[in-house]
There are 2 protein chains.
Amino acid sequence: MPPVTIRDVAKRLKLSITTVSRALDGYDDVAAKTRQRVVRAARTMGYVPSRAARQLRRQRADVIGYILPASGPHFTDPFFSEFIAGLGDAATSHNFDLLVSTAAPDSAAEKQIYARWVQSRLVDGIVVSRMRLRDWRARYLVKNKFPFVAHGHTLLTLKFPYIEIDSRAGFELLVQHLVARGHRRIGYIGAPANLTLQADRFAGYQNGLSAAGIAFDATLCAEGDLTRAGGYQAALQLLDLPTPPTALIGANDLTAAGAMRAARERGLTVGRDIAIAGYDGTDDSEHTQPPLTTLKQPVYDIAQRLVEMLVARIAGDALAAAQTVLQPVLIVRESTGGPSG
Amino acid sequence: MPPVTIRDVAKRLKLSITTVSRALDGYDDVAAKTRQRVVRAARTMGYVPSRAARQLRRQRADVIGYILPASGPHFTDPFFSEFIAGLGDAATSHNFDLLVSTAAPDSAAEKQIYARWVQSRLVDGIVVSRMRLRDWRARYLVKNKFPFVAHGHTLLTLKFPYIEIDSRAGFELLVQHLVARGHRRIGYIGAPANLTLQADRFAGYQNGLSAAGIAFDATLCAEGDLTRAGGYQAALQLLDLPTPPTALIGANDLTAAGAMRAARERGLTVGRDIAIAGYDGTDDSEHTQPPLTTLKQPVYDIAQRLVEMLVARIAGDALAAAQTVLQPVLIVRESTGGPSG
DNA sequence: CCTTTTTTCCAAAACGTTTTGGGGAGCGCG
DNA sequence: CGCGCTCCCCAAAACGTTTTGGAAAAAAGG
């Protein structure tokens, strides 16, 4: 049985298509009684407007897009679960749908998806996350005047709305916390250098050191890839130094989790023999062994607010606060000695 | 600047719309030379077909839908990260897009989303996961003859294609493993009773016990909710029994992770004083402390295969293996004493 | 009772494709 | 030369909405 169209409803009611459409859309040039008839008939007949037709006519899709920076089997960063949940919930509550795709950062596939989405007007706005310092996505979207919002900024001189966590200040705080616990040799496991978050967090780390009067030592820094495996490898490297660090900061919680594992393998008890801290503060960090000291960013809220900003931008509203910067909050747990430590 | 349409391309080339369309779609009734001209012009002009128009005309969207069983901030089950990555990658490689929404199981919102998606032909197929014993979603989709595939079966007498892991056999195996390690008091932390996976895994647990000649003891069973917090609470309850279990099986890894935490809080060393095992086997399980014994299901592969089945079904192909049952593989790690234990 | 205004409805045009059902031109063949 | 074939191409219809620009009917005003 073919889906019921607006024409069917009109025919049944002996009304014009126009009237049915306008009745359903709540225009005031249709008699109250008629509207009621229409609404009732539409419901009992199970009429739902065709998305494609509506979309074609109105030139908008009521869909926002998000591309997961992942390709391949092993992808379990809780950050993104929570981020997607936030996007999804917010989208639904604004009567938008969420289109999700996956692509490895800077891959050909990624470019292709953006081109397709933008050109074919499949989505009418995009949320982009994990920004790169010179982010072609931002450049591309700005150039095409395509509505988008970002989680984080870039180095480019482009104007676009974003929400950002001041992770630089956060990492300063983290270093300060470790220094207060008596640490002087504090290692850092970063992310790929082209990521904004790496630039910020690394700068925060360095600032923190110099604020405490500790000389920066490049040998205490290693590059991870924001995964557990990357953190593990990098941590091993640092722990095997002649004079290993007594504290380790990971660019995110996953990195820190990998580092904890490496520490254990080297016979160290995390929280006593070595301090380890991360960044993100999703639920998982609370459940590591020992619980992880971390900087918490409100991932779900951010996702929600991003959607709200995007929806407003699609509607053409001027954005009140186009660039928002939030402060992360330091959560001290046992992996650095515990709250009272 | 308005997007370039097929009409623009046709006008520029002084060809008909028809010819341009057919040239691009690779019909063989257009001269090779003409096709070349068209293809080139389309590319240089940056022409991409309008999704809405194509969709309206062809009566299909090339979109598949998936609804995440979550609503609210705390949602970080790695199972779903990996599942979504699999869906996304597979969809992309079949030239489909993936529409994602979130809704709490059996909520009004969930019903509404299904109705909308199905009626408005927004998606032309749906992947449904975490099946319920009497799943209204399966019923609804079958009734509306809407293409879908499932991860797991139901109790209903409905025919639909699915992939399933024989978790019943898996749990038998798990019990057997624990018995071999000398355990007699084996606890079980389950999931809500309306879930198929709970029925299966619980049955497997019971079978395992009876195969080993151990009497089933209901006091050793508690209900979790597949989250870490749920596992934690349930485990506390079991550990505080007069004669607590010496081994604990969680319905999934998250449950087991929560149980591990509870055990530690009671001063037990996991893997020595108590054995704990889970189910899912995503990467996370390898990185708990101690690493978790688990039954591994190939989540990413399953997601990919589901998409393939769905795409085939949308295309109208008869499905070769409509119901697939895979065996989970037991991965023994230190949480139950280690491989050589 | 005629005019003006308001209320309620509608026909037709778009939106950008794909597909149907030809049709003209060139060629080979008798 | 005329016929049929093949090769390319195209006009027009259709997909299901929303929106524009009235028009008929009813109400109000004189």
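Below, chains carry the letters A, B, ... as their sequence lines are ordered, and counting in each starts from 1.
When each of B:P49 and B:R22 is assigned the nucleotide of DNA chain C with its nearest heavy atom, B:P49 is the one assigned upstream, toward the 5' end. For the pair B:Q59 and B:T34, nearest-nucleotide mapping onto DNA chain D gives the more 5' position to B:T34.
Here B:T5 lies in heavy-atom contact (under 4.0 Å) with sugar-phosphate atoms only. Heavy atoms of B:I17 sit under 4.0 angstrom from at least one base atom. Residue-level contact check: B:S21 touches the bases, meaning some heavy atom is under 4.0 Å from a base atom.
Note on B:D77 versus B:R130: salt bridge recorded, some NZ/NE/NH1/NH2 to OD/OE distance being below 4.0 Å. By the 4.0 Å N-to-carboxylate-O rule, A:D62 lies too far from A:R51 to be salt-bridged with it. We find that B:E110 and B:R132 are joined by a salt bridge, their nearest charged nitrogen and carboxylate oxygen being less than 4.0 Å apart.
Looking only at atom types and distance, the side chain of B:S81 has no donor-acceptor partner in the side chain of A:T76 under 3.5 Å away. A donor atom on one side chain and an acceptor atom on the other are found under 3.5 Å apart for B:T19 and B:S16.
Along DNA chain C, the stretch of nucleotides lying under 4.0 Å from any heavy atom of chain A spans, 5' to 3', C:dT8 to C:dG16.
Once rounded to the nearest 0.5 Å, the distance linking CZ of A:R137 with CG of A:D135 reads 4.0 Å. Taking CD of B:Q323 as the start and NZ of B:K159 as the end, the distance is 6.5 Å to the nearest 0.5 Å.
Using a 4.0 Å cut-off, no side-chain N or O of B:T18 falls inside it from OP1 or OP2 of D:dC10.
Side-chain to base pairing of B:D29 with D:dC9: one donor and one acceptor N or O lie within less than 3.5 Å of each other.
Here D:dC8 presents its C1' atom at 12 Å from CZ of B:R37, a figure rounded to the nearest Å.
In summary, of the residues considered (B:W136, B:F146, B:Y66), a ring-ring contact (aromatic ring centres under 6.0 Å, His included) with B:Y114 occurs for B:W136 alone.
Under a 3.5 Å cut-off, the side chain of A:R35 and the backbone N or O of A:Y27 do form a donor-acceptor pair.
Overall, the helix from C:dC1-D:dG30 to C:dG30-D:dC1 carries an axis bend of 60° between its ends, with five pairs at each end and the value rounded to 10°.
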